[in-house]
Amino acid sequence: MTRKRELRAEYADAPASLALYLASYLVQATGDMHWTPAGALHRRFLGWTRDVHACAPLRASEEFPAMSEDHQPERGEDETDIEEHVVSCPIGGELVDQLIGLADLPWHDPAVTSRAMRSLGWSTDGVPTDEARFVTPAGHAVYTDYGLYLPFVHYYVVGGELWPDDFWGSQPGWSSERGAGRVEFEAYLDAAIDRFSERLGPPECDVRTEGRYLAIGHYSWRYAAWRRGGTIIVLGPALDGYSYGQDEEAVVYIGEFAPDRPFPAAADFLGLLRK
């Protein structure tokens, strides 16, 4: 079941609550993306909630459509195919070793950590987004404003006027699975945690938090963490800020963390992972 179908079913009796929540993100996006036609933004954030089926409970066959090779993607109001994608740039053994080495550095000194990342061959040229500081040889974007934040899987919807292109799927080193969903997204995260566990042993903290965000529906997120002196390594999901909370990404995060500080509660890990 796609996110939109899930949300329509869940908020069939309270569509105004969903619309008000998404409208707050529409306001932010309008200010940040002033060059984008207002109609395209409105359709992306709110247009689909006005579907005639949004205000009525879905029948069982609509709520859980059969997923098969003949499955047809949803269509937006502009009659463009809209479908979920999971896009990955897996973490290999060499990168795991590099990240563990970086975690042993003093992350209160950005000059030291930046020099170390350059020595690994991470480049400041050709970064895929304006906010990224480095790009690894494999193609991962690296953000360093609050530590190290390295996404390796994205889970998002492609289609419509606002996000018509599979951006990460077009980047060197990344591969895109059209029609994939949460199962595939979580499998990539689990595989990355296994790779770190091979080097570091089982996570010192391995927790799962479940809940719901209006923009993505229900979730069940796993977080794995290890201490390295005064530093923490975390692998887990986060909300992609550039999508205004509509998309998810799985990341490696490295940052300062006092040796005597307790690990966060499962629901609080999201607030720790800052891009």
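- Atoms CD and CZ, from Glu83 and Arg178 in turn, are 4.5 Å apart once rounded to the nearest 0.5 Å.
- Residues forming a side-chain hydrogen bond (donor to acceptor under 3.5 Å, both in side chains) with Ser176 (at least two apart in sequence, or on another chain): Asp166.
- Residues Pro151 and Ala141 come closest through the heavy atom pair CD-O, 3.4 Å.
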(request) Would you check, one step at a time, whether the test side-chain contact (heavy atoms from CB on, under 4.5 Å) holds for Tyr146 with Leu273? (result) CA-CA 9 Å; Tyr146 302 98; Leu273 308 184; over 6 Å; no
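- Between Ile193 and Pro203, the closest heavy-atom pair is CG2-CG, 4.2 Å.
- For the salt bridge (Lys or Arg N to Asp or Glu O under 4.0 Å) test, no residue two or more places apart in sequence or in another chain qualifies with Asp145.
- Take Glu256 and apply the side-chain hydrogen bond (donor to acceptor under 3.5 Å, both in side chains) test, not counting sequence neighbours, and it matches no residue.
- Residue Val127 is found in a hydrophobic cluster whose other members, listed by chain and number, are Val135; membership requires side-chain heavy atoms under 4.5 Å apart, directly or through intermediates.
- Between His154 and Trp174, the ring center distance clears the sub-6.0 Å criterion.
- In this structure the side chain of Leu239 never reaches within 4.5 angstrom of the side chain of Asp247, judged on heavy atoms.
- At a cut-off of 3.5 Å, with distance as the only test, a side-chain donor of Glu84 or Tyr155 sits close to an acceptor on the other residue.
- For Ser220, the side-chain hydrogen bond (donor to acceptor under 3.5 Å, both in side chains) criterion is met by Arg208, Glu210, not counting sequence neighbours.
- Looking only at distances, a side-chain donor or acceptor of Tyr156 sits under 3.5 Å from a matching main-chain atom of Trp168.
- Inter-residue side-chain proximity for Pro237 and Glu186 is flagged as unmet; no heavy-atom pair is nearer than 4.5 Å.
- Residues forming a side chain to side chain contact (heavy atoms under 4.5 Å, CB included) with Ser175 (at least two apart in sequence, or on another chain): Ser88.
- Considering all non-hydrogen atoms of both residues, Asp165 and Val158 come closest at C-CG1, 3.8 Å.
- Residues Leu189 and Val153 fail the side-chain proximity criterion, which asks for heavy atoms closer than 4.5 Å.
- Residues passing the ring-ring contact (aromatic ring centres under 6.0 Å, His included) test with His140: none are found, sequence neighbours excluded.
- Residues Tyr223 and Thr209 are in side-chain contact: their nearest non-hydrogen atoms beyond the backbone lie under 4.5 Å apart.
- Taken from OG1 in Thr231 to CZ in Phe257, the straight-line distance is 11.0 Å, to the nearest 0.5 Å.
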Atom pairs and distances, side-chain donor-acceptor, residues 92-107, under 3.5 Å, sequence neighbours left out:
{"residue": "Asp97", "atom": "OD1", "partner": "Arg199", "partner atom": "NE", "Å": "2.9"}
{"residue": "Gln98", "atom": "OE1", "partner": "Trp122", "partner atom": "NE1", "Å": "3.3"}
{"residue": "Asp104", "atom": "OD1", "partner": "Arg228", "partner atom": "NE", "Å": "3.0"}
{"residue": "Asp104", "atom": "OD1", "partner": "Arg228", "partner atom": "NH2", "Å": "3.3"}
{"residue": "Asp104", "atom": "OD2", "partner": "Arg228", "partner atom": "NH2", "Å": "2.9"}
{"residue": "Trp107", "atom": "NE1", "partner": "Leu102", "partner atom": "O", "Å": "2.7"}

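- Phe167 is linked by a side chain to side chain contact (heavy atoms under 4.5 Å, CB included) to Pro128, Thr129, Gln171, counting only residues two or more places apart in sequence or in another chain.
- A distance of 12.0 Å separates OH of Tyr253 from CD1 of Ile233, quoted to the nearest 0.5 Å.
- When only modelled atom types and interatomic distance are considered, Trp221 and Glu248 share a side-chain donor-acceptor pair under 3.5 Å.
- Residues satisfying the side chain to side chain contact (heavy atoms under 4.5 Å, CB included) criterion with Ala225, sequence neighbours excluded, are Cys205, Ile232, Val234, Phe263, Phe269.
- Atoms CG and CD1, on Leu148 and Ile254 in that order, are 5.0 Å from each other to the nearest 0.5 Å.
- Paired with Tyr149 under the rule side-chain hydrogen bond (donor to acceptor under 3.5 Å, both in side chains), one option of Lys275, Glu249, Arg274 passes, and it is Glu249.
- If you take CG on Leu150 and OG1 on Thr136, they are separated by 6.5 Å, rounding to the nearest 0.5 Å.
- Among all heavy-atom pairs drawn from Ala258 and Arg227, the shortest one is O-NH1, 3.3 Å.
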(request) Start with the C-alpha distance between Val142 and Met117, add both sets of side-chain angles, then the distance that settles side-chain contact (heavy atoms from CB on, under 4.5 Å), and finish with yes or no. (result) CA-CA 10 Å; Val142 182; Met117 285 183 271; 4.2 Å; yes
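- Evaluation of the ring-ring contact (aromatic ring centres under 6.0 Å, His included) rule for Phe152 yields no partner, not counting sequence neighbours.
- Closest approach of Ala138 to Cys89, counting heavy atoms only: O-SG, 3.4 Å.
- The shortest heavy-atom contact between Ala192 and Ile91 is CB-CD1, 4.4 Å.
- Proximity of Pro110 to Thr144: side-chain heavy atoms (C-beta onward) are nowhere separated by under 4.5 Å.
- Considering only residues two or more places apart in sequence or on other chains, Arg261 meets the side-chain hydrogen bond (donor to acceptor under 3.5 Å, both in side chains) condition with none of them.
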